[in-house]
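Step one of this worksheet: look at the structure below.
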Amino acid sequence: MTAEPKEMSPQTVDLAAAYEASGVKEVLRELDETLIGLAPVKKRIKETAALLLVDRARREMGLATETPTLHMSFTGNPGTGKTTVALKIADLLHRLGYVRKGHLVTVTRDDLVGQYIGHTAPKTKEVLKKAMGGVLFIDEAYYLYRPENERDYGQEAIEILLQVMENNRDDLVVVLAGYADRMDRFFDSNPGFRSRIAHHIEFPDYSDDELARISETMLAEQNYVFDGAGKRAMEEYIGKRRAQPHFANARSIRNALDRARLRQANRLFETSTGPLDAKALSTITEADIRPSRVFQGGLDVDRAHEETRA
Amino acid sequence: MRLRQGQFSFLPDLTDDDIRTQAQYAIDNGWAVSVEYTDDPHPRNSYWEMWGHPMFDNPDAAAVVYEVNECRKEHGGKYIRVLAFDATAGWESIRMSFIVNRPAEEPGFRVVRQEGEGRSIRYTVESYAMREPEGARYA
Ligand SMILES: Nc1ncnc2c1ncn2[C@@H]1O[C@H](COP(=O)(O)OP(=O)(O)OP(=O)(O)O)[C@@H](O)[C@H]1O
Ligand SMILES: [Mg+2]
């Protein structure tokens, strides 16, 4: 309200200093270190960070006034790190001053769309309000749009979203995520979204080698290690698991490791006779990996067994 | 005559940015913020209409400004205020209240005198706006 004396716009800008001061460097370093692979994603994020730093400098010099459009789409298969990267992006935007709080609110269709007339608008608005100051991550965004049912309440949520994405660009950033082909079709039938999204980031599937490295870091986070044979078994597991149904990249690895830890605990329990040292308690061996169904042909084989038994 | 009620009412109208700053202060203190409206400006009118629910879990005050603007779309010709309620034991009360929207024309109040027994007089105030029925009080 009180008119503050207008600060003189700076004449020059030291981008390197701004980069240091903003803390963006740490986020990018963390991104590089904690996430294996994802080279194209990391590259895009670095470019975006550079763009935003320059944009901020331009605004400080009075060369730009508009808030740039920051809404994004993340496309990629399950377990390729979309949610994980969204968290980092929220942190990054916060450090750069593009969102005030930097929290991430993750939702799917059910959190936005209601069950009866008049239920959807308040629901969508509640979610939007909660996400203000941060990033709203809409997983499998295409479920919002159901062309086969012209009375579908999803349309109402879409309209409110589009409005807020346009009018409240200073208040929140929306990230739409999902599988590439279905997102493409979603954007084709909802041009309003396409035009409001500036950054499309594609998440590639991980290679076998990357998944093997991810499995090692995941174990290390929980203070476990593979022994030599255990590591080889895991590599074999990855090759086989990929060819089986419901493969979900890094998430499949996380699940496999959870089960391996379970088997390890049982193995220690059943076979140990004397005191166990830390090494024994934290080593995942071949015996903890190979009993997996994946080596017997996967889930399908299991089901077939059940059917013959039934 | 400008209605002077609650905080900041002797200042010029708050901008959306001012509203956000004040509401953020309330949120940062853990108070629940709500939006209310009325067309009865009497200072003792404690029955303002609620605009939606109080907001308990919105970390950023842009949410409050958003609701104020939604309320303006429907009740832009009325009084709208923002409240902050402190639920901590011992307080359990309103900690902030300020007007964020007012009618374009505020006709003000008149004094009404009621003559009682023995030449006693009871005074009260009445808003000129209240002579019109609900919904027709402001342009
Ligand atoms: N590059 C990586 N390095 C290490 N761990 C990773 C990597 N990518 C994903 N993960 C881990 O894999 C798991 C799944 O990742 P995330 O939830 O981000 O995937 P998603 O793409 O959002 O999946 P979905 O589409 O199924 O929601 C998480 O536990 C995450 O920590
Ligand atoms: Mg996810």
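In what follows, every heavy atom counts, from backbone to side chain, and hydrogens, waters and symmetry copies are set aside. Letters A, B, ... are given to chains in the order of the sequence lines, protein chains preceding strands, and every chain is numbered from 1. Since the structure is predicted, the reported quantities are computational estimates derived from the model, not experimental observations.
- The local environment of CZ in B:Phe109 is crowded, with over 12 non-hydrogen atoms from other residues, nucleotides or ligands closer than 6.0 Å.
- Atom CD of A:Glu202 is surrounded by 12 or fewer heavy atoms from other residues, nucleotides or ligands within 6.0 Å.
- At a threshold of 4.5 Å between non-hydrogen side-chain atoms, the residues A:Asp171 and B:Tyr66 do not count as touching.
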Set out, in order, the CA-CA distance, both residues' side-chain angles and the distance that settles salt bridge (Lys or Arg N to Asp or Glu O under 4.0 Å) for A:Lys101 and B:Asp60, then state yes or no. CA-CA 7 Å; A:Lys101 299 277 161 188; B:Asp60 191 85; 5.1 Å; no
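- Using a 4.5 Å cut-off between heavy atoms, A:Val164 contacts chain B through its side chain alone, with no backbone atom that close.
- Residue A:Asn167: no heavy atom, backbone or side chain, is found under 4.5 Å from chain B.
- The environment of CD in A:Glu33 is crowded: more than 12 heavy-atom neighbours from other residues, nucleotides or ligands sit within 6.0 Å.
- Summarising the local packing, CD of B:Glu115 is surrounded by 12 or fewer heavy atoms from other residues, nucleotides or ligands at distances under 6.0 Å.
- Note: B:Met55 CE to A:Glu126 CD = 8.0 Å, rounded to the nearest 0.5 Å.
- The environment of CD1 in B:Ile121 is crowded: more than 12 heavy-atom neighbours from other residues, nucleotides or ligands sit within 6.0 Å.
- Summarising the geometry, atom CZ belonging to A:Arg100 is positioned 7.5 Å from atom CD belonging to B:Gln24; distances are rounded to the nearest 0.5 Å.
- For A:Glu166, the CD atom is densely surrounded, since the number of other residues' heavy atoms within 6.0 Å is greater than 12.
- The nearest pair of heavy atoms linking B:Pro59 to A:Lys130 is CD-O, 3.6 Å.
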